[in-house]
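All values below were derived from every heavy atom in this structure, side-chain atoms included, with hydrogens, water molecules and symmetry-related copies excluded. Residue numbers start from 1 in every chain, and the chains themselves are labelled A, B, ... in the order their sequence lines are given, proteins ahead of strands.
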4 protein chains.
Amino acid sequence: MKKVNVRKPGAGRPRDEDVTRQIRAAAMELGLESGFDGLSIEAVAAHAGVGKTTIYRRWRNVWSIVADAVLDDVAKLAPLQEQSTARGSLAASMRLAARYFRGPRGKVLRALIGRAQVDRTLHKALIEQWLLARRNVTREFVRRGIAKGELRPDLDPDIVIDALYGPLYHQLLLPYDSGHGDLSDAYVDALVETVFAGLERKGE
Amino acid sequence: MKKVNVRKPGAGRPRDEDVTRQIRAAAMELGLESGFDGLSIEAVAAHAGVGKTTIYRRWRNVWSIVADAVLDDVAKLAPLQEQSTARGSLAASMRLAARYFRGPRGKVLRALIGRAQVDRTLHKALIEQWLLARRNVTREFVRRGIAKGELRPDLDPDIVIDALYGPLYHQLLLPYDSGHGDLSDAYVDALVETVFAGLERKGE
Amino acid sequence: MKKVNVRKPGAGRPRDEDVTRQIRAAAMELGLESGFDGLSIEAVAAHAGVGKTTIYRRWRNVWSIVADAVLDDVAKLAPLQEQSTARGSLAASMRLAARYFRGPRGKVLRALIGRAQVDRTLHKALIEQWLLARRNVTREFVRRGIAKGELRPDLDPDIVIDALYGPLYHQLLLPYDSGHGDLSDAYVDALVETVFAGLERKGE
Amino acid sequence: MKKVNVRKPGAGRPRDEDVTRQIRAAAMELGLESGFDGLSIEAVAAHAGVGKTTIYRRWRNVWSIVADAVLDDVAKLAPLQEQSTARGSLAASMRLAARYFRGPRGKVLRALIGRAQVDRTLHKALIEQWLLARRNVTREFVRRGIAKGELRPDLDPDIVIDALYGPLYHQLLLPYDSGHGDLSDAYVDALVETVFAGLERKGE
DNA sequence: GTATAAACGAGACGGTACGTCAGGTCTTTCT
DNA sequence: AGAAAGACCTGACGTACCGTCTCGTTTATAC
């Protein structure tokens, strides 16, 4: 999302990285306190003590700033966690994701996913830098589970992940408030249990 | 979402329902052809050949018009379908939902859910008039499945529905384009199969 | 300079003439106190307590406002004065013009003529509404002087007026500060005397 | 107008006079082809292939560049010409001035005088380097004419010059397009004739 | 029938933000 | 130390819409 600077070096004054950070911070701060809707370049510039041009030189619109700020530290904030079993890895990682969703950054992610429905570039960035970055790792959890005989051999990893994470995104974006709609660890555990065991009544 | 009209009736010229329909239509048309982002009251008014006041008299903002247009015909366009088994009912209804998501209205729903992340009123309307309206019926499918011994007796209906529909919304909003990311009937069927059977390898 | 409003009447809210006057006044006030250079639409709007659009709806740029304000009351402020002789009429009118040039409006006129050198529309407006409006009357003074035998019959009225008023504009725009460079009545009188009598030494 | 360079010589890299000339030329070229209004330092720098700083090091603003370019060659381009009689000297010099006014440089002079109405520094420069430079010489023409008995002994040289040159500037800045408004030689001759002979009908 | 009252189209109004341009300064590297 | 490049803050540009407010007109009920 950041403008790549391919240019013969040494020409002109270099971009000030401090300024870049200030802008990112200002955008997040303003967004979190007064809502990401109505977040304007003008306000961010003022709050960061920066000219508008300085912002436009780096990003094309407000959402790019926010996306930049969020996607920069995906890995740190909602990490994936491998354990000895596939079920363990998935459950642990889902709990961490749910925790992230519940926190203040969850609000930002919601706004970002929301805006992405109407902004192709952001949509692409989100899928590539957020979704697929995580899924590529998660798929391996599933594959290893299958290989080790833990999981059914005929499973499609992506469908498995959809069945587990889909509900999480659903609760993030459309929480219908029904007892466990708060993305609690209990909800995650119940969900994992349900999906792993299946819906059908066993035996006889 | 529509402004309630508390007034002694018969006084003054009545609202023209044709005008209301024209505005709704104009909003949808403009949104579908040039994107719901950037859809402005001014443009809708011009396209509908109507004064701005006439719109503000009925709705508080553009998104209310769109929500109104969409939520009006939820039941008709993505109906729920009961069959003899819970699995049958759920699978059939999910296929209809997926079809709706794939169609032109899916684009609108995406935009609406997106916008709702940042607009409390819309968020509430969407959950109540769209999500819960459907879920209340769907829950019965699950309950009857349990009652009939078709499904595990310890299931939480909401978690079941999350596990089945969550992936659908996930694919609607963040399609990561991986083979079956197109909300096809095949995807729905694979998903149903996976969730119903569970992930674990059955003992010997 | 004012936008002519040819439109079926009764359509829409009418322009507010008070607002128009406020804007004109604000422009003049700001210009006189802080210089017409650097006079911005934004400042005028702020000072008049008016939105920018409201200004753009009436004029295309700041100079049009000023021209509008000045040219509106040309006739009142630097009137032409007919007397019994051509010389009397010309001298009296020139004194009034000089007085106008000396006053606060002279500063505005200077700025306006200055700007006109670089703005075709303004140039045209100035010549038509200011210069020719006056000259058409002044020419009659000269013609009548010729008819009455007061002035040489072979004179070209325009050259006569140039010889008399040219110096006045010259002193307005490029005052070289040389004793009588202040557009005083004495200067006007000396000028009239010199031009009327001619430069040549009369043959004995 | 040029920044004077009082500095111990040999310290650092010397100013490149070629660069100075390029900038002057670029300013004139851009001004003549796309109007002196809207002439920007940025554009001049780009057109001259020069950094903005390099310009600011020499001049304080665009108009200083233009003034510099014009005033540099006043003497060459609109010279004063002494002849045997005062009338001859004045008429000849006025024709040369009129020719200059008509030419491409006249457009620049107009713009400069225009801008000077709103820019004190430029105003001062113009009066000193252009107007007074010429007038000091012209005054001698008049004085000698008086001394030789050619002209009335009671004349004020400045008023004489105003009466003759005033109309020229008037026609330059506010050409009202009336037959001879084109600063032609014929116009100059008619003007000289009129002013020298005076307006009054002679004797009997 | 004639008030009265609201809806309606048009468009003016005070605003906010947009994205761009230029101003003048500062900072870097190269000459 | 000069020069070219370009980042930086500032402030104005002219435009698009916002939501509110007149206007004159139309369309209904109620007196």
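The backbone N or O of C:V50 lies less than 3.5 Å from no partner atom in the side chain of C:T54, so there is not a single donor-acceptor pair.
Heavy atoms only, all atoms of each residue included: C:L112 and C:L122 are closest at O-CD2, 3.6 Å. The heavy-atom pair separating D:A26 from D:A48 by the smallest distance is CB-CB, 3.7 Å. Pairing each heavy atom of D:G31 with each of D:L39, the nearest pair is N-CD1, 4.0 Å.
Put simply, D:R57 has a side-chain N or O that comes within less than 4.0 Å of OP1 or OP2 on F:dA3. Between A:T54 and the phosphate of F:dA7, there is no side-chain N or O to OP1/OP2 separation shorter than 4.0 Å. Applying the 4.0 Å criterion to OP1 and OP2 of F:dC13, one finds that C:R60 has every side-chain N and O outside that range. One finds a side-chain N or O of B:R15 lying less than 4.0 angstrom from the OP1 or OP2 phosphate oxygen of E:dA7.
When each of A:K52 and C:G51 is assigned the nucleotide of DNA chain E with its nearest heavy atom, C:G51 is the one assigned upstream, toward the 5' end.
Distance, D:D16 CG to F:dA4 C1': 13 Å, rounded to whole Å. Between the P atom of E:dA12 and the CD atom of C:E17 lies a distance of 13 Å, rounded to the nearest Å. Taking atom CH2 of residue B:W63 and atom P of nucleotide F:dG19, one finds them 14 Å apart after rounding to whole Å. At whole-Å resolution of the value, CD1 in A:I55 and C1' in E:dC21 are 17 Å apart. Regarding C:L30, its CG atom lies at a distance of 16 Å from the P atom of F:dG11, rounded to whole Å. If you measure from atom CZ of A:R13 to atom C1' of E:dC30, you get 18 Å, rounded to the nearest angstrom. The distance between atom CZ of C:F36 and atom P of F:dA12, rounded to the nearest whole Å, is 17 Å. Look at OH on A:Y56: it is 17 Å from P on F:dA7, rounded to the nearest Å.
D:K124 places none of its side-chain heavy atoms less than 4.5 Å from the side chain of D:R120.
Scanning for side-chain hydrogen bond (donor to acceptor under 3.5 Å, both in side chains) contacts around D:E29 gives an empty result, with sequence neighbours left out. C:R60 meets the side-chain hydrogen bond (donor to acceptor under 3.5 Å, both in side chains) test with no other residue; sequence neighbours excluded.
Here D:N61 lies out of heavy-atom contact (under 4.0 Å) with every strand.
With F:dC18, E:dA22, F:dG6 as the choices, the nucleotide that has an atom nearest any side-chain atom of A:T53 turns out to be E:dA22.
Within residues 37-50 of chain D, the residues approached by DNA chain F to less than 4.0 Å at the level of any non-hydrogen atom are D:G49, D:V50, in residue-number order.
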